[in-house]
Each structure stands twice: as structure tokens, then as C-alpha cells.
Chemist: 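After the C-alpha cells below, expect a handful of questions from me.
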Amino acid sequence: MSKLSLGVDIAGIKMRNPVMTASGTFGYGLEYSNLINIEDFGAIVTKTITLEPRIGNPQPRIVEVTGGMLNSIGLQNPGAKVFIEEKLPKLKEYGVPIIANISGSKKAEFVKLADLLSNIGLSGLELNISCPNVEHAGLFAQDADTTYKLVRKVRKATNLPLIVKLTPNVTDVTLIAGAAEDAGADAVSLINTLIGMSIDIQTKKPKLANVIGGLSGPAVKPIALRMVYEVSKKVRIPVIGMGGIMSSDDAIEFLLAGASAVAIGTANFVNPNTCCEIIEGIKTYMGNNKFNKISDIVGRVNVKKLEKLIYARSITYV
Ligand SMILES: Cc1cc2nc3c(=O)[nH]c(=O)nc-3n(C[C@H](O)[C@H](O)[C@H](O)COP(=O)(O)O)c2cc1C
């Protein structure tokens with residue numbers, strides 16, 4: 001009998017495999033329940049929840065671009081009360097860990113939400129301090145000190161595993177990841193979307209009503225992978241990798257780079273069954289490579305020779 005196990009424990013969240021949904025790309029999971037086996041997922045991460053309902057940004061707020069999509073949804077959501085009373089009971093029926101992604105425009109809102117959501121059967125909280133589509137939430141993660149202060153406050157408000165979601169829209173993401181870890185985060189997840197823009201050359205207007213939006217999909221994958229690699233070398237807490245993962249090969253690259261789990265976003269719009277296909281693909285890869293457990297893959301990228309090359313090149317440029 002095979003000893004192969006895909007199970008992972010991310011900061012105390014026990015998952016049957018390392019594949020979860022990325023916030024905002026799977027609704028609340030309920031729309032797909034008759035189509036796919038959601039109960040096979042490692043975890044479900046909800047769309048961002050705010051204290052009060054939000055109608056989001058004006059339309060159009062999604063546009064397809066080369067290699068991905070731009071969105072400026074603006075954290076549309078029904079608010080904490082509806083989430084707790086209507087969405088969560090149904091989500092729990094899948095028997096999969098549910099991680100609530102939360103955001104706010106002030107520290108106090110994050111704290112209040114964390115407190116409110118602490119004892120209602122969630123498996124963890126993901127702090128969205130990196131949304132590019134609302135004025136304040138994106139700014140928290142662009143400064144290490146602000147990140148530290150926010151995470152510290154939320155840490156005190158909840159005993160749930162705390163995942164801090166990082167933005168790629170910074171010069172050095174490892175500084176922000178380090179601040180989150182120092183403040184008591186149990187894991188970090190990255191990347192949120194990269195800020196982008198698209199213009200209709202006939203009307204000469206931006207294609208998004210909000211002018212700019214967040215880029216996601218295959219175009220961002222090399223950037224996300226590099227950031228996951230850098231962050232996982234810097235912090236001791238688990239890293240959840242995401243950004244342009246479309247296939248099991250992509251997911252395995254993130255595991256090799258140092259991610260302990262992966263989240264699937266834009267790919268769900270192309271094929272809602274992507275998570276299940278990725279889980280199967282990881283299983284096959286493990287069998288073919290004689291890996292018995294996910295931790296056998298995590299961080300296994302062999303960069304020794306490459307590091308020497310990068311060093312040599314930087315000398316050439318001096
Ligand atoms: C339409 C859309 C909505 C999103 N909404 C959220 C959100 O509410 N909260 C959040 O933290 N991230 C949100 N994201 C970001 C994703 O969770 C993910 O970090 C990002 O898209 C990169 O992964 P991907 O390239 O696999 O999509 C959203 C992304 C998309 C495309």
C-alpha cells in the first residue's frame with residue numbers, strides 16, 4: 001500500500017492537501033457546489049469580508065488582458081453579519097477548513113472583525129492588507145512598521161491561525177513579511193495582484209471605470225514565484241504561494257520555491273475544476289518522483305549554481 005500523503009498543517013490548519021482557493025475568485029463556493037467536488041479541496045478562502053456591506057467599485061471592473069486579467073472589484077461583499085448568518089453555515093457543510101479573508105479601512109475595523117469571527121467555527125483568518133482597489137487596505141502592507149502595528153493588534157484580538165496576505169507592489173516584500181512574522185502572524189500568503197492599467201484606443205478611455213486595477217493570472221507567475229522564494233528564505237512561518245497558478249506544474253514550482261501550500265485564483269474563472277485537477281497532478285508528480293509527503297517537495301529548488309551565476313553577473317555590471 002502506498003504511503004503517499006498530501007496532507008499539510010499550515011499554522012495549525014489541518015488540510016487534506018496543500019491546494020486552496022484564492023480570495024475573491026471562488027465566490028463563497030456555493031455557486032459551484034453541483035459542478036465540482038469542493039469537499040476535496042485543502043481549504044476554502046472566502047472573498048474579503050468587511051464589517052459593513054460594500055457595493056464595490058463602478059463597472060466595468062473586470063477586463064481581460066494579455067496573460068491574465070485586471071480587476072477593480074473594490075471588495076464588494078455582503079458584510080460580516082450576512083457572512084456569519086447565511087454564507088458560513090453552508091460553507092461548513094463541505095467539511096473543509098474555511099479561512100475568512102478580512103479587510104478594513106482602519107486598524108480598529110480589522111480588530112473588531114477578527115474578534116467577531118473568532119469563535120464561530122472558522123479554521124483561520126487571512127488579513128487582506130494588500131488590496132490595490134480600495135484606498136486604505138492596500139496601504140497597510142506597503143510599509144513594514146504599519147504592517148507590524150496592524151498585525152500586532154489583530155493578533156491580540158484572536159486565537160485563530162492568522163495569515164497575512166502581502167502585496168507585490170513594494171520594493172522589498174521580505175521586509176513586510178518579516179514585520180508580519182515579528183508581530184505574531186502564523187503564516188504569510190502572497191501575492192495579491194499587481195497594479196495595472198488598460199486603455200481602449202478607440203474611445204481613448206481606460207477600460208476599467210476605476211482607471212487602474214489588479215493584474216492576476218499567468219502573466220504574474222514569475223514575479224509571484226520569485227517573491228515566494230525570497231520570502232520563504234526570510235521567514236520561519238509557512239508561506240502560502242499564489243499568483244498565476246494554472247496547472248499542477250505551476251503549483252509544484254511554488255512548492256519547490258518554498259511555499260507550504262498554494263492558492264488558485266484566476267484559473268477558477270477559466271476552469272472551476274482547476275483545484276481538483278491540480279491536486280491530482282501533484283499526487284502524480286509525487287508518485288513519479290518518489291515523494292511521500294508534501295514537505296519532501298517544499299523548498300527543494302536547487303539554486304546553488306544559480307546563485308553563483310547571479311553573483312558573477314552583478315560583478316560584471318559594476
Ligand atoms: C476578480 C478577483 C477578485 C479578487 N478579490 C480578492 C479579495 O477580495 N481579497 C483578496 O485578498 N484578494 C483578492 N483577489 C486576489 C487573489 O486572491 C490573488 O491573490 C491574485 O489574483 C493572484 O492569484 P491568481 O493570479 O491565481 O489570480 C482577487 C483577484 C481577482 C482576479
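Because the structure is a prediction, the values reported are computed rather than measured. In listed order, ligands and their atoms are each counted from 1.
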Chemist: Just to be sure I'm reading this right: ignoring hydrogens, which of Ser23, Gly265, Pro218, Gly24 gets closest to atom 13 (C) of ligand 1? Compare them by their nearest heavy atoms.
Modeler: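 Comparing heavy atoms across Ser23, Gly265, Pro218, Gly24, the nearest one to atom 13 (C) of ligand 1 lies in Ser23.
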Chemist: Is Arg300 reaching over with its side chain to a backbone N or O of Asp296, donor-acceptor style, under 3.5 angstrom?
Modeler: yes
Chemist: Please check if the side chain of Asp143 supplies one atom and the backbone of Asp145 the other of a donor-acceptor pair under 3.5 Å.
Modeler: yes
Chemist: Using a strict cut-off of 4.0 Å, indicate which atoms of ligand 1 neighbour a heavy atom of Leu75.
Modeler: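 Taking each heavy atom of Leu75 in turn, ligand 1 has 8 (O) under 4.0 Å.
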Chemist: Identify which one of Leu162, Leu127, Val111 satisfies the side chain to side chain contact (heavy atoms under 4.5 Å, CB included) criterion when paired with Arg155.
Modeler: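 It is Leu162, the one option of Leu162, Leu127, Val111 that forms the side chain to side chain contact (heavy atoms under 4.5 Å, CB included) with Arg155.
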Chemist: Which protein heavy atom lies closest to atom 15 (C) of ligand 1, and at what distance to 0.1 Å?
Modeler: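 Looking at atom 15 (C) of ligand 1, the protein heavy atom closest to it is Asn192 OD1, 3.5 Å.
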Chemist: Hey, what's the ring geometry for Tyr285 with Phe291, parallel, tilted or perpendicular (30° and 60° as the breaks)?
Modeler: tilted
Chemist: Where the side chain of Thr158 meets the backbone of Asp115, is there a donor-acceptor pair that is under 3.5 Å apart?
Modeler: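 The answer is no, because no donor-acceptor pair under 3.5 Å joins these two groups.
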Chemist: Does Leu35, at its CG atom, have more than 12 non-hydrogen atoms belonging to other residues, nucleotides or ligands within less than 6.0 Å?
Modeler: yes
Chemist: Could you tell me if the ring centre of Tyr94 sits under 6.0 Å from that of Phe41?
Modeler: no
Chemist: Of the backbone atoms (N, CA, C, O) and the side-chain heavy atoms from C-beta on, which set of Asn128 has a member under 4.0 Å from an atom of ligand 1: side chain, backbone, both, or neither?
Modeler: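 Under 4.0 Å from ligand 1, Asn128 contributes side-chain atoms alone.
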Chemist: Could you tell me whether ligand 1 has any atom less than 4.0 Å away from a heavy atom of Ala267?
Modeler: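 It does not; every heavy atom stays at 4.0 Å or beyond.
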Chemist: Among side-chain atoms of Thr274 and Asn268, is any donor-acceptor pair under 3.5 angstrom?
Modeler: no
Chemist: With a 4.0 Å heavy-atom cut-off (strictly under), which part of Lys221 contacts ligand 1: side chain, backbone, both or neither?
Modeler: neither
Chemist: Just by distance, do the side chain of Arg152 and the backbone of Ala180 share a donor-acceptor pair under 3.5 Å?
Modeler: no
Chemist: What protein heavy atom lies closest to atom 30 (C) of ligand 1? Include the residue and the distance to one decimal.
Modeler: Asn71 ND2, 3.3 Å
Chemist: Verify whether the ring centers belonging to Phe26 and Phe269 lie closer than 6.0 Å.
Modeler: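 Not close enough - the centres of the two rings lie 6.0 Å or further apart.
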Chemist: Hey, is ligand 1 close enough to Gly217 that some N/O pair sits below 3.5 Å?
Modeler: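 It does: an N or O of Gly217 is found under 3.5 Å from an N or O of ligand 1.
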Chemist: Hey, looking at atom 27 (O) of ligand 1, which of Ile62, Thr266, Ile129 has the closest heavy atom?
Modeler: Thr266
Chemist: Less than 3.5 Å between some nitrogen or oxygen of Ile73 and one of ligand 1, yes or no?
Modeler: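 It does not: no N or O of Ile73 is found under 3.5 Å from an N or O of ligand 1.
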Chemist: Could you tell me whether Ala22 and ligand 1 have an N or O pair separated by under 3.5 Å?
Modeler: no
Chemist: Only heavy atoms of Thr193, strictly under 4.0 Å: list the atoms of ligand 1 that pass.
Modeler: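 Near Thr193, the atoms of ligand 1 are 20 (C), 21 (O).
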Chemist: Tell me the protein heavy atom at minimum distance from atom 9 (N) of ligand 1, and give that distance in Å.
Modeler: Thr48 OG1, 2.7 Å
Chemist: Report yes if Ile191 has an N/O atom closer than 3.5 Å to an N/O atom of ligand 1; otherwise report no.
Modeler: yes
Chemist: To check your reading of the model: name the closest protein heavy atom to atom 12 (N) of ligand 1, its residue, and the distance in Å.
Modeler: Lys165 NZ, 3.0 Å
Chemist: Within the distance-only criterion (no hydrogens, no angle test), does the side chain of Lys233 pair as donor or acceptor with the backbone N or O of Val231 below 3.5 angstrom?
Modeler: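 Not a single qualifying donor-acceptor pair exists.
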Chemist: Any N/O of Lys47 closer than 3.5 Å to an N/O of ligand 1?
Modeler: yes
Chemist: Are any of the N or O atoms of Thr25 closer than 3.5 Å to those of ligand 1?
Modeler: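 There is no such contact.
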Chemist: For atom 25 (O) of ligand 1, what's the nearest protein heavy atom and its distance?
Modeler: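 Answer for atom 25 (O) of ligand 1: Gly244 N, 2.7 Å.
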Chemist: Where is the nearest protein heavy atom to atom 21 (O) of ligand 1: which residue, which atom, and how far?
Modeler: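 Heavy-atom neighbour on the protein nearest atom 21 (O) of ligand 1: Ser216 CB, 3.3 Å.
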Chemist: Using distance alone, determine whether Asn101 and ligand 1 share an N or O pair under 3.5 Å.
Modeler: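 So ligand 1 has an N or O lying under 3.5 Å from an N or O of Asn101.
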Chemist: Where the side chain of Asn77 meets the backbone of Leu75, is there a donor-acceptor pair that is under 3.5 Å apart?
Modeler: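 Yes, the answer is positive, given that a donor and an acceptor are paired below the 3.5 Å cut-off.
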Chemist: State plainly whether one hydrophobic cluster holds both Leu175 and Leu150, where clusters connect Ile, Leu, Val, Met, Phe, Trp and Tyr through side-chain heavy atoms under 4.5 angstrom apart.
Modeler: no
Chemist: For Met242, take its heavy atoms, then give the atoms of ligand 1 lying under 4.0 Å from any of them.
Modeler: 18 (C), 19 (O)
